[in-house]
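To start, the structure itself, in structure tokens.
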Amino acid sequence: MKNEQDFTAESLAIAGGYDATSAHNSIKPPIYQTSTFKFNTAEEGKAFFQKATGEAPLEERNASLIYTRLNHPNAITAEYRLAKLDGAEDAAFFESGMAAISTTLLTFCNAGDLILMSTPLYGGTDAFIKKHLVNFGIDYVEFDPSDTKEQIKEKLMAHQNAKKLKVIYVETPANPTLALTDISALDELRQEINQEGIHPVIVADNTYMGPIFQKPLAHGADINVYSATKYIGGHSDIIAGAASGKDIYLKEIKKKRAILGNTASPFTSWLLSRSLETIGLRMEKQAANAAKLADFLAGHPNVERLHFLGTLTEEDADYGLYKKQYTSAGAMMAVEIKGGESEAFRFLNALQLVQLAISLGSTETLASHPYTMSSSNMDEADRLKSGITPNLVRISVGIENPEDIIKDVKQALSAV
Ligand SMILES: *Cc1c(COP(=O)(O)O)cnc(C)c1O
């Protein structure tokens with residue numbers, strides 16, 4: 001696209017990052033289903049390798065096409081669009097959210113290093129850190145999202161390897177409890193510990209709200225990570241992940257991605273660049289539907305408690321942070337059904353339009369039971385401490401007619 005600097009991210013997400021003249025003027029990018037790219041001369045091949053593995057500017061690295069595990073045109077288009085939407089310099093797509101998260105953590109952490117993390121984290125991330133990274137000599141310190149900056153610092157400094165802190169990892173809102181973590185407070189904490197020679201990067205899992213309703217980089221985060229399987233893909237038809245942020249960090253993440261070999265394929269990347277065209281539209285409609293469903297659920301006699309950012313009031317401790325860090329309440333909610341696991345299961349089993357499946361962020365409304373499903377790989381004590389209880393049902397609101405969603409949830413609640 002010409003003169004891209006003149007247009008906003010909202011428009012660049014539709015036609016940016018792709019030059020039609022490179023592909024017979026086709027309006028949409030073709031799928032570059034190739035494993036490797038031909039060099040015009042041996043000298044060009046040599047130069048491409050030097051650029052791809054060296055310090056060349058991003059445009060030159062992107063133009064140095066060598067081999068699809070390293071880089072390819074479909075990934076470049078999708079990465080351009082996500083970077084624009086996130087206000088980032090660059091982005092990287094992966095074959096899953098867990099690939100993006102594990103690759104990012106492995107980029108910044110070596111044996112002896114430390115991770116400071118919010119709780120709860122997505123079940124897979126929690127397990128990767130607590131049950132896998134620890135075997136490589138990488139330890140962690142946990143904090144509660146409601147802890148003050150001082151309390152977090154105290155927990156960090158109590159660890160013998162505090163000086164080796166390399167990553168502050170947050171998931172906000174947390175899956176599935178919607179607990180909020182203040183990113184700018186962590187950036188202040190980071191500035192304090194910088195004085196003591198500790199220089200961590202701040203990584204934010206932006207799956208629940210990004211790239212439309214939360215911009216962690218603007219609040220002091222360095223890197224966003226995503227399950228792009230969720231809102232970015234948006235149609236429950238691919239598994240994918242992403243990272244975005246400053247070029248200096250993305251360059252290192254992409255080097256690790258090339259070595260671990262989990263780069264998003266041309267077809268996955270093509271679907272992602274297609275999906276990024278409609279992400280604003282989808283998330284706005286999902287959020288509008290969620291607000292209507294939340295209104296219905298809030299006063300229902302079979303609902304013990306509703307977790308939804310849109311129903312926070314000025315009395316709630318998280319209200320100020322919600323208004324500061326988010327531009328919408330989003331479309332994720334968690335409902336504590338009155339009773340326990342069997343009442344929650346009766347509700348889930350009675351749903352008809354709303355489908356019982358894990359995952360989230362898609363066009364269809366999905367409901368699931370985190371305690372026995374997506375968070376079941378967390379230790380039970382950790383689950384209960386974070387509010388992942390047997391009566392908790394997670395709902396990801398889709399783009400159906402909102403009255404139909406409410407009608408279905410209403411009849412399922414009456415089956416409880
Ligand atoms: C789903 C999810 C992940 C993992 O992503 P995959 O695409 O399933 O690998 C990570 N973080 C959050 C918040 C998620 O919801």
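None of the values given here were measured: they were computed from a predicted structure.
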*Indicate yes or no: at least one non-hydrogen side-chain atom of Val409 is less than 4.5 angstrom from one of Leu293.*
yes
*asked:* Just by distance, no angles: are the side chains of Asn175 and Arg394 close enough, under 3.5 Å, to form a donor-acceptor pair?
replied: yes
*Would you indicate whether the side-chain heavy atoms of Phe296 and Lys410 approach each other to under 4.5 Å?*
yes
*asked:* One pair to check against side-chain contact (heavy atoms from CB on, under 4.5 Å): Leu186 and Ile152. What are the steps and the verdict?
replied: CA-CA 9 Å; Leu186 291 171; Ile152 298 172; 4.0 Å; yes
*Taking it one step at a time, do Glu314 and Lys323 satisfy side-chain contact (heavy atoms from CB on, under 4.5 Å)?*
CA-CA 10 Å; Glu314 281 173 46; Lys323 287 290 168 189; over 6 Å; no
*Is there any side-chain hydrogen bond (donor to acceptor under 3.5 Å, both in side chains) pair reaching into residues 152-170, and which pairs are they, with sequence neighbours excluded?*
Asp113-Lys166, Asp139-His159, Asp147-Lys155, Lys153-Glu192
_For a 4.5 angstrom cut-off between non-hydrogen side-chain atoms, does Thr36 reach Ile66?_
no
*For residues His219 and Asp187, is any side-chain donor paired with an opposing acceptor at under 3.5 Å?*
no
*Between the side chain of Thr77 and the main-chain N/O of Pro73, is any donor-acceptor distance below 3.5 Å?*
yes
*Would you indicate whether Lys131, at its atom NZ, is surrounded by more than 12 heavy atoms from other residues, nucleotides or ligands within a distance under 6.0 Å?*
yes
*N/O donor-acceptor pair under 3.5 Å between Arg190 side chain and Gly220 backbone*: yes
*Report yes or no: does Asp408 contribute a side-chain atom to a donor-acceptor pair with the main-chain N or O of Leu351 at less than 3.5 Å?*
no
_Side-chain donor or acceptor of His235 paired with backbone N/O of Gly233 under 3.5 Å_ = yes
_With a 4.5 Å cut-off on side-chain heavy atoms, are Ile232 and Ser275 touching?_
no
*Do other residues, nucleotides or ligands put more than 12 heavy atoms under 6.0 Å from the NZ atom of Lys407?*
no
*Side-chain H-bond candidate by donor/acceptor type, Gln214 with Gln325, under 3.5 Å*: yes
*asked:* Please check: side-chain N/O of Thr172 versus main-chain N/O of Thr181, any donor-acceptor pairing under 3.5 Å?
replied: yes
*Do the side-chain N and O atoms of Thr8 and Glu10 include a donor-acceptor pair separated by under 3.5 angstrom?*
no
*Determine the interplanar angle of the Tyr319 and Tyr322 rings, folded into 0 to 90°, and report it as parallel if under 30°, tilted if 30 to 60°, perpendicular if over 60°.*
perpendicular
*Test the Lys285-Tyr231 pair against the cation-pi criterion, namely NZ or CZ under 6.0 angstrom from the six-membered ring centroid and within 45° of the ring axis.*
no
_Check: Glu403 main-chain N/O paired with Asn401 side-chain donor or acceptor under 3.5 Å_ = yes
_Does any part of the side chain of Pro173, heavy atoms only, come nearer than 4.5 Å to the side chain of Leu309, both counted from C-beta?_
yes
_Side-chain H-bond candidate by donor/acceptor type, Thr268 with Ser265, under 3.5 Å_ = yes
*Could you grab the distance from atom OG of Ser368 to atom CG of Leu360, nearest 0.5 Å is fine?*
8.0 Å
*Have Asn62 and Ser64 got a donor and an acceptor in their side chains that come within less than 3.5 Å?*
no
*asked:* Side chains of Ser227 and Tyr208: any donor to acceptor distance under 3.5 Å?
replied: no
_Crowding at CZ, Arg274 (>12 non-hydrogen neighbours, <6.0 Å)_ = yes
*Check whether any side-chain N or O of Arg81 sits under 3.5 Å from a backbone N or O of Ser273 as a donor-acceptor pair, and report yes or no.*
yes
*asked:* A side-chain contact here means heavy atoms from C-beta on lying under 4.5 Å apart; do Asp205 and Asn224 qualify?
replied: no
*After noting the C-alpha distance and the side-chain angles of Glu79 and Arg61, does the key distance pass the salt bridge (charged side-chain N to carboxylate O under 4.0 Å, His left out) rule?*
CA-CA 13 Å; Glu79 288 165 2; Arg61 273 180 276 138; over 6 Å; no
*asked:* Is the shortest side-chain heavy-atom distance between Phe108 and Asp222 below 4.5 Å?
replied: no
_Test log, rule salt bridge (charged side-chain N to carboxylate O under 4.0 Å, His left out), inputs Arg383 and Glu380_ = CA-CA 5 Å; Arg383 273 178 277 162; Glu380 188 182 13; 5.4 Å; no
*For a side-chain contact (heavy atoms from CB on, under 4.5 Å) with Lys254, tell me which candidate from Thr103, Asp90, Ile259 qualifies.*
Asp90
*Tell me yes or no: between the side chains of Ser244 and Asp86, is some donor less than 3.5 Å from an acceptor?*
yes
*asked:* Atom CD of residue position Glu196 - does it have more than 12 heavy atoms of other residues, nucleotides or ligands inside 6.0 Å?
replied: yes
*Does the side-chain hydrogen bond (donor to acceptor under 3.5 Å, both in side chains) test come out yes or no for Ser396 and Lys230, once each step is laid out?*
CA-CA 10 Å; Ser396 165; Lys230 316 291 170 55; over 6 Å; no
*Okay, side chain of Ser375, backbone of Tyr371: is any donor-acceptor separation there less than 3.5 Å?*
no
*asked:* Under a 3.5 Å distance rule, please check whether Ser118 uses its side chain to pair with a backbone N or O of Glu171 as donor and acceptor.
replied: yes
*asked:* Please give me the minimum heavy-atom distance between Gln286 and Ser362, naming the atom from each residue.
replied: NE2-O, 2.8 Å
*Heavy atoms only: give me the nearest Ile388-Pro370 pair and the separation to one decimal.*
CG2-CB, 4.0 Å
*Around atom CZ of Phe37, are there more than 12 heavy atoms of other residues, nucleotides or ligands at under 6.0 Å?*
yes
*Might you work through the side-chain contact (heavy atoms from CB on, under 4.5 Å) test for Leu114 and Leu156, ending with a clear yes or no?*
CA-CA 9 Å; Leu114 190 65; Leu156 167 66; 3.9 Å; yes
*Answer yes or no: are there more than 12 heavy-atom neighbours, outside His24 itself, under 6.0 Å from its atom NE2?*
no
_Check: Asn206/Tyr226 side-chain N/O donor and acceptor closer than 3.5 Å_ = yes
_Quick check: closest heavy atoms across Ala78 and Leu272, and the distance to 0.1 Å?_
CB-CB, 4.2 Å
*Any donor-acceptor pair under 3.5 Å linking the side chain of Trp270 with the backbone of Pro30?*
no
*Dump the intermediate steps for salt bridge (charged side-chain N to carboxylate O under 4.0 Å, His left out) on Glu4 and Lys84, then the final yes or no.*
CA-CA 11 Å; Glu4 293 189 338; Lys84 287 293 169 204; over 6 Å; no
_Chi angles and distances behind the side-chain hydrogen bond (donor to acceptor under 3.5 Å, both in side chains) call for Thr365, Gln355_ = CA-CA 7 Å; Thr365 301; Gln355 302 179 79; over 6 Å; no
*salt bridge (charged side-chain N to carboxylate O under 4.0 Å, His left out) between Asp379 and Lys130, intermediate numbers included*: CA-CA 10 Å; Asp379 290 338; Lys130 293 182 180 171; 5.9 Å; no
_Are the side chains of Leu105 and Leu133 in contact, using a 4.5 Å heavy-atom criterion?_
yes
*Sort and list the pairs that fulfil side-chain hydrogen bond (donor to acceptor under 3.5 Å, both in side chains) and have at least one residue in residues 329-350, not counting sequence neighbours.*
His307-Glu336
*Does the pair Arg69/Glu95 count as a salt bridge with the N-to-O cut at 4.0 Å?*
no
*Specify the closest pair of heavy atoms between Thr311 and Asp316, including all atoms of both residues, with the distance to one decimal.*
O-OD2, 4.3 Å
